[in-house]
Engineer: 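So that we are looking at the same thing, I have put the structure below in structure tokens.
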Amino acid sequence: MSSKVWGYVRVSKAEHQKPDRQVDLLMKEYGIPKEDIFIDSISGAKFERPELRRMQSVLREGDTVVVESLSRVSRSSKDLLTLLEDWQERGVAFISDKEKLDFSSTTGKLMLTMLAALSQFERDTLRDRVREGVASARSRGRIGGRPKTDKKALEKAVKLHVAGTHSIREVCQLTGVSRTVLYRELRRLCDLEQVESGHSSKN
């Protein structure tokens, strides 16, 4: 099977962008037939895109993917790297017109290495920030997890519920106590009452 050149276009639906400019570029500059151009109208922040996924299913070793710019593929360096590494492993070439990059060339391979290093740097930086945050919280006596519910607020919530003047939703809104915490406390008090009643009957 002979190799093919495919085009990929992405426009932002939220910004009401039109794909015509990108499609014209791919057709005129690279001779790609319109039927071989995949068009997504979706945010670049989303890695899962219908037409990108459809193109992935038809790509074969020796094929080439052409885009107007790197940002058309993804706005995330991590997701872009994932895709480029996948194509590299499958023997699929990738060309970005705006950046004048052919990722099968020496310059393109260097760019891929730099993207990998940048992505790793971002992951390491994020990991370090998380560790620093945990260490800082522990030094202040906070070791993570959800903040504890204020006891007075919880007592007020129970009293309002017992009074029957407000719905559960209203009680939670007034006191800032979550439904889960309130229900758990009500169950605890109910169990405690049953235990005390059992002791009284034995006496």
Engineer: Among residues at least two apart in sequence or on other chains, which ones pass side chain to side chain contact (heavy atoms under 4.5 Å, CB included) with D63?
Structural biologist: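 With sequence neighbours excluded, D63 shows a side chain to side chain contact (heavy atoms under 4.5 Å, CB included) to S3, K4, W6, L59, R60, given in chain and number order.
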Engineer: Could you walk me through whether F94 and L83 pass the side-chain contact (heavy atoms from CB on, under 4.5 Å) test, one step at a time?
Structural biologist: CA-CA 10 Å; F94 174 60; L83 196 59; over 6 Å; no
Engineer: Going by the rule side-chain hydrogen bond (donor to acceptor under 3.5 Å, both in side chains), which residues pair with E99 if we only count those two or more places apart in sequence or in a different chain?
Structural biologist: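 side-chain hydrogen bond (donor to acceptor under 3.5 Å, both in side chains) list for E99, sorted by chain: S96.
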Engineer: Can you list, by chain and residue number, the hydrophobic cluster partners of L25 when the side-chain cut-off is 4.5 Å?
Structural biologist: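 Same cluster as L25: nobody, lone residue.
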Engineer: My understanding is that only residues two or more places apart in sequence, or in another chain, count here; which of them pass side-chain hydrogen bond (donor to acceptor under 3.5 Å, both in side chains) with T64?
Structural biologist: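 By the side-chain hydrogen bond (donor to acceptor under 3.5 Å, both in side chains) rule, T64 matches no residue at all.
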Engineer: Once ring pair (Phe, Tyr, Trp, His ring centres under 6.0 Å) is applied, what residue pairs with a partner in residues 53-77 remain, sequence neighbours excluded?
Structural biologist: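 Residue pairs with at least one partner in residues 53-77: there are none.
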Engineer: In chain order, what residues pass the side-chain hydrogen bond (donor to acceptor under 3.5 Å, both in side chains) check against S69, with sequence neighbours excluded?
Structural biologist: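 Partners of S69 under the side-chain hydrogen bond (donor to acceptor under 3.5 Å, both in side chains) test: S71.
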Engineer: Mind checking side chain to side chain contact (heavy atoms under 4.5 Å, CB included) for I37 and listing every partner two or more places apart, or none if nothing turns up?
Structural biologist: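 Counting only residues at least two positions away or on another chain, I37 forms a side chain to side chain contact (heavy atoms under 4.5 Å, CB included) with V9, V23, L26, M27, I32, I39.
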Engineer: Please report the interatomic distance CD(E68) to CG(D24), rounded to the nearest 0.5 Å.
Structural biologist: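 Taking CD in E68 and CG in D24, the distance rounds to 12.0 Å.
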Engineer: Measure the shortest side-chain to side-chain distance between L189 and V158 over non-hydrogen atoms and say whether it is less than 4.5 angstrom.
Structural biologist: yes
Engineer: Using side chain to side chain contact (heavy atoms under 4.5 Å, CB included) as the criterion, list what pairs up with D40, not counting sequence neighbours.
Structural biologist: Y8, R10, I42, R49, P50, E51, L52
Engineer: I'd like to know if V66 and L84 are part of one continuous hydrophobic network [Ile/Leu/Val/Met/Phe/Trp/Tyr, side-chain heavy atoms within less than 4.5 Å].
Structural biologist: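 No, L84 and V66 fall in different hydrophobic clusters.
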Engineer: Could you state whether V5 and M55 fall into the same hydrophobic cluster, counting links through intermediate Ile, Leu, Val, Met, Phe, Trp or Tyr residues with side-chain heavy atoms under 4.5 angstrom apart?
Structural biologist: no
Engineer: When you check the gap from the basic side-chain N to the acidic O, do E185 and R188 get nearer than 4.0 Å?
Structural biologist: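 R188 and E185: salt-bridged.
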Engineer: Got V92 and V65 here, is their nearest side-chain heavy-atom distance under 4.5 Å?
Structural biologist: yes
Engineer: Which residues satisfy the side-chain hydrogen bond (donor to acceptor under 3.5 Å, both in side chains) test with Q22, sequence neighbours excluded?
Structural biologist: none
Engineer: Nearest 0.5 angstrom please: F103 CZ to E85 CD, how far?
Structural biologist: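 So the gap between those two atoms works out to 11.5 Å.
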Engineer: Keeping to residues at least two apart or across chains, list the salt bridge (Lys or Arg N to Asp or Glu O under 4.0 Å) pairs with something in residues 156-171.
Structural biologist: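 The answer is none; no pair qualifies.
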Engineer: Would V73 and V58 show up in the same hydrophobic cluster when neighbours are defined by side-chain heavy atoms closer than 4.5 Å?
Structural biologist: yes
Engineer: At what distance, to the nearest 0.5 angstrom, does CG of L70 lie from CG of L101?
Structural biologist: 6.0 Å
Engineer: Apply salt bridge (Lys or Arg N to Asp or Glu O under 4.0 Å) to K100 and list each qualifying residue two or more places apart in sequence or on a separate chain.
Structural biologist: D97
Engineer: Could you tell me which residues satisfy side chain to side chain contact (heavy atoms under 4.5 Å, CB included) with I168, sequence neighbours excluded, listed by chain and number?
Structural biologist: H161, C172, R179, L182, Y183
Engineer: When rounded to the nearest 0.5 angstrom, what distance separates OG in S57 from CZ in F38?
Structural biologist: 7.0 Å
Engineer: Just by distance, do the side chain of E61 and the backbone of R90 share a donor-acceptor pair under 3.5 Å?
Structural biologist: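 The answer is no, because no donor-acceptor pair under 3.5 Å joins these two groups.
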